[in-house]
4 protein chains.
Amino acid sequence: MKKRIVEQSILLFERKGFSETSIQDVVEALGVTKGTFYYYFSSKEQLLRDIHLMYIDDLLTLQEQIIENPETSYRTKLSETVKLLVTQIKVTGRPARVFHREMMHLKPESASTVKQKRRLFRFNIQKIIESGVETGEFRKDLQADLVAFAILGMCNWSYNWFHPNGSVTDEELAEAYMETLLNGMVNRDG
Amino acid sequence: MKKRIVEQSILLFERKGFSETSIQDVVEALGVTKGTFYYYFSSKEQLLRDIHLMYIDDLLTLQEQIIENPETSYRTKLSETVKLLVTQIKVTGRPARVFHREMMHLKPESASTVKQKRRLFRFNIQKIIESGVETGEFRKDLQADLVAFAILGMCNWSYNWFHPNGSVTDEELAEAYMETLLNGMVNRDG
Amino acid sequence: MKKRIVEQSILLFERKGFSETSIQDVVEALGVTKGTFYYYFSSKEQLLRDIHLMYIDDLLTLQEQIIENPETSYRTKLSETVKLLVTQIKVTGRPARVFHREMMHLKPESASTVKQKRRLFRFNIQKIIESGVETGEFRKDLQADLVAFAILGMCNWSYNWFHPNGSVTDEELAEAYMETLLNGMVNRDG
Amino acid sequence: MKKRIVEQSILLFERKGFSETSIQDVVEALGVTKGTFYYYFSSKEQLLRDIHLMYIDDLLTLQEQIIENPETSYRTKLSETVKLLVTQIKVTGRPARVFHREMMHLKPESASTVKQKRRLFRFNIQKIIESGVETGEFRKDLQADLVAFAILGMCNWSYNWFHPNGSVTDEELAEAYMETLLNGMVNRDG
DNA sequence: TATGAATGAGGTTTCATTCAT
DNA sequence: TATGAATGAAACCTCATTCAT
């Protein structure tokens, strides 16, 4: 039941927004009553916190696997991170949109936990870049922190417009992004 | 008075979100009454629509000036667009955040007008890229539409974290972004 | 202007009801502003009172002419009263409906003036009947007061359903009513 | 609770009118809160609709009993219908007044259901008259539809003035109305 | 004679939450 | 484990009215 509530909530939060979705909406869609909701969650905010934590914890786990793989270059690790963020849209498009949009509705204490984990995720990207700079894979003059932000923005923004069933697949998008990021836009042929 | 209401609303919408900001909050902050608000706006949604239109219309005007300048290269035009988006944070950080976050609260008809203008802004970026490809400034294999999305994501995302008074200035950020975008991350020296 | 306000108000009160019609509705329909309204009327209630008084005073004047005509029988006087009430629908359908529906919104003091005049109108009908009984035109066992109520109900109720442009004309309706009233429903032929 | 809300509402609607009675008024009189009201009714309009349907459905049921009785003449059936309408004032005076006054506040769709049922009630009266004409009880030249309207007007109007505890009882009123209706006002003795 | 800005009280409705069962 | 009745605070919005100009 708890799981069903979470799933239904994500669906509705994504479609109508957190504030615009009432507990009533959620339980009605499930055919249960409000009492049931409060049996499993102590508040609407707690539900949102759970969703956020589930999501970021998942991301961090997957990121860890990418980073800890001893056989891949930093370039590949970065590539896989981008792919992770972009290809996950198919799987996690809905929770992702909720994740990016509704953080402001968390209470300060929940928000701070979540923010810390998001920061960690970003910092891991930054470290990949820094490591790549050290090994000479990447240019020395990159500002790793800013580039990490740039990559995150690029990828996360795609949740605003990207549809996995459109003319561009998620893999193609990830590749196009990486190609631009790695080699730049400038024409060096002429 | 109408202008004061708009300004105060932007302030509060940015701080607490559209749904969480009540008309009461707005008018109380201004020392007037709810009646006054409804004298100038027919609904809360209309106020949000006005804010959105003001913002995107401003952006489009500034973009036009960049594009129509006959003396600049496409590379420069792109650079100026990034600078426009990023440096405007100082000036329009608040309305920008409202702009990016709260579009879902517009009624379908208002939303469609705004979306069309946002699409136009993005399409103009895409055209700069395409023109740059044609003149040989940019690589031939760029997918202009995806790159336009990438640039927008990169810049717009910075509203989530960038503070103009931090250790990095807006101009530095714009330059770092452009540098990465134009020349890529890969080290070509070694 | 004052007259235009009254006319427009009657139109709207009839269509939407007194409470549901706002001063805003009235002045908007006239292309003026609320200030104008309050220049001519001290309150919404006063406007309604004026409408009521105009209407009942008109009726009383016409009734007087019927009653004071020395050449008509009481039967004719009654007939003309019915005709007065019914045929006036064409002319005064709208104000009449307002008149019958919205009296509860008058303040006690206004209401009492209007009620007194309405009572007078009814009492005049009752007197016609009583006089007709005395002259032998009408049956001796009629309860004049109740019959007066019956006639008023019959006629006034027609404002709820009668359309002067329908298959029955107002004159035909008046005649059918009088025929039933005077001669009854019972078949005396068989 | 739902029943108590309905009863209290009828009381207040009759006394002050539908628009002038607020939900607050109703729940305050019952010592509950507004939330309670909206637990049982989805809107103020729905409450009014319920009241209307209850009332007209009751009337139709009673009318059916009158019509379907095989032992009574049409004259008696008509008489009983008038008695039904008039004597019900004692029982249903309040809901009746609400019923007759406040139909304009129903939404079009609710109104149309109620109107249909009211039309049926009237049409049943008309059929009694038509049947009575066929059997020779009533005069052949009656216009059954207009007479039905006349009777309804006569009876319903009495809700505007009749008090069951006054000098005339409801039974006397019904009888006086029927006497006038059946035998007419004209004096046939002289 | 008319305007337009402002008020303030009140209206309907929504909703997260509680709690006895 | 779940229900359903009830709460109460707050939301958006309407509107008759006032008043300086």
Side-chain angles (χ1 to χ4, degrees), chain A residues 1-2 4-5 18-28 30-48 105, chain B residues 1-2 4-5 18-28 30-48 105, chain C residues 1-2 4-5 18-28 30-48 105, chain D residues 1-2 4-5 18-28 30-48 105:
Chain A
M1 182 79 270
K2 186 164 184 174
R4 287 180 63 210
I5 293 177
F18 176 76
S19 308
E20 282 64 34
T21 303
S22 67
I23 305 290
Q24 188 68 280
D25 291 337
V26 175
V27 296
E28 224 160 60
L30 291 171
V32 296
T33 57
K34 276 194 273 200
T36 305
F37 177 88
Y38 281 95
Y39 180 77
Y40 291 104
F41 296 92
S42 66
S43 73
K44 198 183 173 190
E45 197 267 347
Q46 202 228 84
L47 164 63
L48 185 61
H105 301 109
Chain B
M1 183 77 272
K2 187 166 183 171
R4 286 180 64 211
I5 293 177
F18 176 76
S19 307
E20 283 62 36
T21 303
S22 68
I23 306 291
Q24 187 69 313
D25 291 338
V26 175
V27 296
E28 226 159 59
L30 291 171
V32 295
T33 58
K34 270 184 285 195
T36 303
F37 176 88
Y38 283 95
Y39 180 75
Y40 290 103
F41 297 91
S42 65
S43 71
K44 198 183 170 189
E45 197 266 348
Q46 203 228 86
L47 165 62
L48 185 62
H105 301 110
Chain C
M1 182 79 272
K2 184 164 185 172
R4 286 180 64 212
I5 292 176
F18 176 75
S19 307
E20 282 63 36
T21 303
S22 67
I23 304 290
Q24 188 67 280
D25 291 337
V26 175
V27 296
E28 223 159 62
L30 292 171
V32 295
T33 57
K34 275 194 274 201
T36 306
F37 176 89
Y38 281 94
Y39 180 77
Y40 291 105
F41 297 91
S42 65
S43 73
K44 197 183 172 190
E45 197 266 348
Q46 201 228 85
L47 164 63
L48 185 62
H105 301 110
Chain D
M1 183 77 270
K2 187 167 183 171
R4 287 180 63 212
I5 292 176
F18 176 77
S19 306
E20 282 64 35
T21 303
S22 67
I23 305 291
Q24 186 71 302
D25 291 338
V26 175
V27 295
E28 224 160 59
L30 291 171
V32 294
T33 59
K34 273 186 280 197
T36 303
F37 177 88
Y38 282 95
Y39 180 75
Y40 291 103
F41 297 92
S42 65
S43 72
K44 198 181 170 191
E45 198 266 348
Q46 201 227 86
L47 164 63
L48 185 62
H105 301 110

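Chain naming here is simple, since letters A, B, ... match the order of the sequence lines and numbering starts at 1 in each. Everything quoted here is computed from the prediction, not taken from an experiment.
Residues D:S19 and D:K44 come closest through the heavy atom pair O-NZ, 3.9 Å.
Nucleotide E:dT21 forms a pair with F:dA2, judged by Watson-Crick or G-U wobble geometry with both contacts under 3.5 Å. Pairing of E:dT7, defined by two Watson-Crick or G-U wobble distances under 3.5 Å, is identified with F:dA16.
Contact annotation: A:Y39 does not reach the phosphate of F:dA2 (side-chain N/O to OP1 or OP2, under 4.0 Å).
Between the CD atom of B:E20 and the C1' atom of F:dA10 there is a distance of 13 Å, given to the nearest Å. What separates CZ of A:F41 from C1' of F:dA2 is a distance of 15 Å, to the nearest Å. Residue B:Y38 contributes atom OH, which lies 19 Å from atom P of E:dG10 at whole-angstrom precision. Separating the CD atom of B:Q24 from the P atom of E:dA9 is a distance of 12 Å, rounded to the nearest angstrom. Distance B:F18 CZ to F:dA11 P: 13 Å, rounded to the nearest Å.
Residue D:M1 has its side chain nearest to F:dA6 when only F:dA11, F:dT3, F:dA6 are considered. Distances were taken from every side-chain heavy atom of C:K34 (C-beta onward) to each of F:dT17, F:dA2, F:dA6; the shortest belongs to F:dT17.
A:S19 comes within 4.0 angstrom of no nucleic acid atom, judged by non-hydrogen atoms across all strands. Among the protein residues, C:Y40 comes within range of the sugar-phosphate backbone only, with heavy atoms under 4.0 Å from sugar or phosphate atoms but none that close to a base. Heavy atoms of A:T36 sit under 4.0 angstrom from at least one base atom.
Between D:S22 and B:F37, the residue whose closest nucleotide on DNA chain E is further toward the 5' end is B:F37. With DNA chain E read from its 5' end, the first of the two nearest nucleotides for D:S43 and C:T33 is the one closest to C:T33.
In this structure, CG on A:L47 lies 6.5 Å from CD1 on A:I23, to the nearest 0.5 angstrom.
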